[in-house]
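This report concerns only the one structure given below.
Everything quoted here is computed from the prediction, not taken from an experiment.
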2 protein chains.
Amino acid sequence: MGHGHGKGPGQWCHGKFRGCGYRMTTGREAVLDVLSQANEHLSAEDIYMKIHPVYPAIGLTSIYRTLDILVNIGLIHKFDFGHGRARYELTEGPKGKRHHHHLVCTGCGRVIDYTDFIDEEVALLKKTEEGLSKKYNFRIDNHLIQFYGLCDACNRS
Amino acid sequence: MGHGHGKGPGQWCHGKFRGCGYRMTTGREAVLDVLSQANEHLSAEDIYMKIHPVYPAIGLTSIYRTLDILVNIGLIHKFDFGHGRARYELTEGPKGKRHHHHLVCTGCGRVIDYTDFIDEEVALLKKTEEGLSKKYNFRIDNHLIQFYGLCDACNRS
DNA sequence: AAAGATAATGGAAACCATTTTCATTTAGGA
DNA sequence: TCCTAAATGAAAATGGTTTCCATTATCTTT
Ligand SMILES: [Mn+2]
Ligand SMILES: [Mn+2]
Ligand SMILES: [Zn+2]
Ligand SMILES: [Zn+2]
């Protein structure tokens, strides 16, 4: 799994985790570890397969449970790109990447993060959110923006 | 199911359906009928339950198959609001409502269509799409925008 | 450093929306 | 009306996710 040399994000999240009344366990630390190392959008099984060689005792069930908690705590986001399984990614923050949106290729399933063009989008979203909040008395805490189409590789064929 | 007095959207879609090499059947007409009558976002089973009293012979399987075709033809959109089942809605067009985005309540699951604030959004999206297309050589044909939060009713409690 | 209370775990089974299979029926051109 | 490929329903299969429950591990209290 390649800790490299440091402690992984375990230490960092330890507090946040415990602060919410959860215990810190090997499995939970491993999941966080994998997620913070990853640069793709991982499924529960992806995470399981990365953890398993190192900690064979940790089961898929626990990974699902940990992911649920992390989503609720707000440390990760859960996405459905339409491939039949949920995918997870660290939220923006100290250890997370910056807030971004997604390009989803309907040909090969590739998902591209983009962080350009975001500033304007977010500015407009703020305005839109304000309008919607007022009109519908709807408290918005999150948004999802995805573009669907064909990626470079799929365009060529 | 309440045809009222007309023929439903069957006639209208008959051509489009046949034009793509598909045969027109009672079940397919019924699905289109229900979808065009609906003002909510229906699941396959929702549609089945509306059709069943009138056409008990039509099975859920066929409804799934019809919905797949309609999505591919582009007559309907398929959404995942995170409730564990897909939901469907007529695309914009002669018989469909106008293009819109969604507010999804994480409390009660309600989904609100909004058509205000769309013009500006779409304008920005166009611009964003152009930028992304160029940068990633990604051909965008669709987008998904959803806001998550708490609806009026859920805010009060 | 132990013990106790209770949260967390893994493996198997259950769940459940959707898909596949396949024998039968149907639509629609000839 | 006939014919053939497309469409269908019922049942079984699929596969990601959840639930169950007996066992284990964490962390607080001694
Ligand atoms: Mn991403
Ligand atoms: Mn809608
Ligand atoms: Zn692609
Ligand atoms: Zn609500």
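No salt bridge links A:Lys50 with A:Asp33; every basic N to acidic carboxylate O contact stays at or beyond 4.0 Å. Under a 4.0 Å N-O distance rule, the pair A:Asp119/A:Arg98 qualifies as a salt bridge.
Within the 4.0 Å cut-off from OP1 or OP2 of D:dT18, not a single side-chain nitrogen or oxygen of A:Tyr64 is found.
Here the closest non-hydrogen pair linking B:Tyr114 and B:His102 is CE2-N, 3.8 Å.
A:Leu150 is not connected to B:Ile140 by any chain of hydrophobic side-chain contacts under 4.5 Å among Ile, Leu, Val, Met, Phe, Trp and Tyr, and they are in different clusters. B:Val71 is not connected to B:Leu144 by any chain of hydrophobic side-chain contacts under 4.5 Å among Ile, Leu, Val, Met, Phe, Trp and Tyr, and they are in different clusters. A continuous path of hydrophobic side-chain contacts links A:Ile69 to A:Val34 [ILVMFWY only; heavy atoms under 4.5 Å]. No path of Ile, Leu, Val, Met, Phe, Trp and Tyr side chains, each step under 4.5 Å between heavy atoms, connects B:Phe79 with A:Phe138, placing them in separate hydrophobic clusters.
The CD1-P distance, from A:Ile69 to D:dT18, rounds to 12 Å in whole Å. Look at CG on A:Asp46: it is 10 Å from P on D:dT17, rounded to the nearest Å. A:Asp68 has its CG atom 12 Å from the C1' atom of D:dT19, to the nearest Å. Going from atom CD of B:Glu29 over to atom P of D:dA7 covers 15 Å, rounded to whole Å. Following rounding to the nearest Å, A:Arg85 (CZ) and D:dT14 (P) show an atom-to-atom distance of 16 Å.
With sequence neighbours excluded, no residue forms a salt bridge (Lys or Arg N to Asp or Glu O under 4.0 Å) with A:Arg65. A search for ring pair (Phe, Tyr, Trp, His ring centres under 6.0 Å) contacts involving A:His99 returns A:His101, A:His143, not counting sequence neighbours.
Put simply, the side chain of A:Arg87 does not reach to within 4.5 Å of the side chain of A:Glu40, judged on heavy atoms. Contact of the B:Leu67 side chain with the B:Leu35 side chain is registered, since non-hydrogen atoms from C-beta on lie closer than 4.5 Å.
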## Note on the structure
B/S/- along nucleotides 21-26 of chain D (protein heavy atoms under 4.0 Å) is ----BB
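Remark: the backbone N or O of A:Gly149 is paired with a side-chain donor or acceptor of A:Thr106 at under 3.5 angstrom.
In the helix from C:dA1-D:dT30 to C:dA30-D:dT1, the end axes, each obtained as the rotation axis mapping the C1' atoms of four pairs onto the next four within a five-pair block, lie 30° apart to the nearest 10 degrees.
With DNA chain D read from its 5' end, the first of the two nearest nucleotides for B:Leu60 and A:Glu45 is the one closest to B:Leu60. Closest-nucleotide positions on DNA chain C for B:Ala44 and B:Tyr22 were compared, and the one nearer the 5' end corresponds to B:Ala44.
Using bins of under 30°, 30° to 60° and over 60° for the plane-to-plane angle, the ring pair A:Phe81/A:His83 lands in the tilted bin.
B:Glu29 and B:Tyr55 share no donor-acceptor pair across their side chains, judged by distance under 3.5 Å alone.
Within 4.0 Å (heavy atoms only), B:Gly27 reaches no atom of the nucleic acid at all.
DNA chain C is contacted by no residue of residues 70-81 of chain A, taking any non-hydrogen atom closer than 4.0 Å.
Here the range on DNA chain C touched by chain A, meaning any atom under 4.0 Å from one of its heavy atoms, is C:dT6 to C:dA12.
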